[in-house]
Amino acid sequence: MLKKITTVAGVVLLSALTACGSGGGGGTASSGSGTITMGFAQVGAESGWRTANTKSIQDEAKAAGIELKFSDAQQKQENQIKAIRSYIQQKVSVIAFSPVVETGWDTVLLEAKRANIPVILTDRSIDSDDTSLYKTFLGSDFVEEGRRAGDWLVANASGPTNVVELQGTTGAAPAIDRKKGFEEKIASKPDIKVVASQTGDFTRSGGKQVMEAFLKSQPKIDVVYAHNDDMGLGAIEAIKAAGKVPGKDIKIITVDAVKDGMQALANGEINFIVECNPLLGKQLMELAKKVVAGEEVPNRVVTEEGTFTQEQAKAALPQRQY
Ligand code: GYE
């Protein structure tokens, strides 16, 4: 074992030894080979954003020489909990996950803590009073994203405006926060009313289905606010099927700015997109290395992002990575 360890870089050697020492004799998957092992419990494959996020994590783990154990929870919390428990059992060096919903994590994260396995939250955060359950949270400011969507509508709406909202997964941080930030901003203009709001689970089919129902039940819809591009793209299909013109008869605001969304924006079918960057892999691997080495990391790392109008989407599309 020692012979093997002497061949690896000093910083990793240090972390492997630390892991051995603090692991109470059990060690971690990093002891022995010196390689950092990350157990990653992904939400699912519900959207274009998620696909880009998964690819970024897989590519950057490889580039960083981190051995990745990856699982897809199909948007179910119970599956994520199972995956985390199995990573604890496998004694990985670090667990990272994107919690499908905000609550209900304390028990399993306490198990990880007791096993001395550091946890990094990425993309979505949890709602818990015990901040010692994770080392850091890397991701966007979803309330701010909602505010940016609301700001655009306040600046662009004229006269009474009926909004229907396609919410993300019920209980998920981005669904809760994007709703909150948007409401905060439109409150300044009483003419703007959210007349219906329902979850489309962040999927294209969910957005289409809910929009079909809204089109039947609501006599006047001026604007769709979709918590992600995919639901907005589903809504476009429903609007067209109802004989209306998306982007004109009914304006659409979404969040994410993935390729398909940006294309629809450039084509005039979406009116405004708030960016949410899925390329978190590189920063995640950097944080993982530090955490495993026992180094201090900030408890919150916010990703930088902007917004896009139709003209800006046309200009940005050729260089878009996702
Ligand atoms: O906006 C949506 C995805 O958590 C930020 O999840 C992420 C969201 C993203 O399904 O498209």
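Remember, it's 1-based here, ligands and their atoms both numbered in the order they're listed.
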**Message:** Suppose we call two aromatic rings close when their centres sit under 6.0 Å apart. Are Phe40 and Phe97 close by that rule?
**Reply:**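 Centroid distance Phe40-Phe97: not below 6.0 Å, so no.
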Using 4.0 Å as the upper bound for N to carboxylate O, is an ion pair formed by [Y] and [X]?
X	Y	result
Glu145	Arg148	no
Lys259	Asp229	no
Glu60	Lys282	no

**Item:** Any Arg85 side-chain heavy atom under 4.5 Å of Glu111 side chain
**Value:**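 Yes, at least one pair of side-chain atoms sits under 4.5 Å.
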Any heavy atom of [X] closer to ligand 1 than 4.0 angstrom?
X	result
Arg178	yes
Val255	no
Asp230	no

**Asked** Does any N/O atom on Trp49 come nearer than 3.5 Å to any N/O atom on ligand 1?
**Response**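 Between Trp49 and ligand 1, no N or O pair is found under 3.5 Å apart.
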**Nitrogen or oxygen atoms of Arg124 and ligand 1 under 3.5 Å apart** =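 Yes, Arg124 has an N/O under 3.5 Å of an N/O on ligand 1.
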**Prompt:** Step by step, would you call Asn299 with Thr136 a side chain to side chain donor-acceptor pair (under 3.5 Å)?
**Reply:** CA-CA 4 Å; Asn299 56 9; Thr136 181; over 6 Å; no
**Request:** Starting from atom 9 (C) of ligand 1, locate the nearest protein heavy atom and write down its residue, its atom name and how far away it is, to 0.1 Å.
**Result:**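 That would be Asp256 OD1, 3.5 Å.
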**Message:** Among all protein heavy atoms in this structure, tell me which lies nearest to atom 5 (C) of ligand 1, with the distance rounded to 0.1 Å.
**Reply:**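 Looking only at protein heavy atoms, the one closest to atom 5 (C) of ligand 1 is Asp123 OD1, 3.2 Å.
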**Request:** Check ligand 1 against Arg50 and write out every atom of the ligand that is under 4.0 Å from a heavy-atom position of the residue.
**Result:**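 Every atom of ligand 1 under 4.0 Å from some heavy atom of Arg50: 3 (C), 4 (O), 6 (O), 7 (C), 8 (C).
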**Message:** At less than 4.0 angstrom from any non-hydrogen atom of Glu46, what atoms of ligand 1 do you find?
**Reply:**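 The atoms of ligand 1 under 4.0 Å from a heavy atom of Glu46 are 3 (C), 6 (O), 10 (O).
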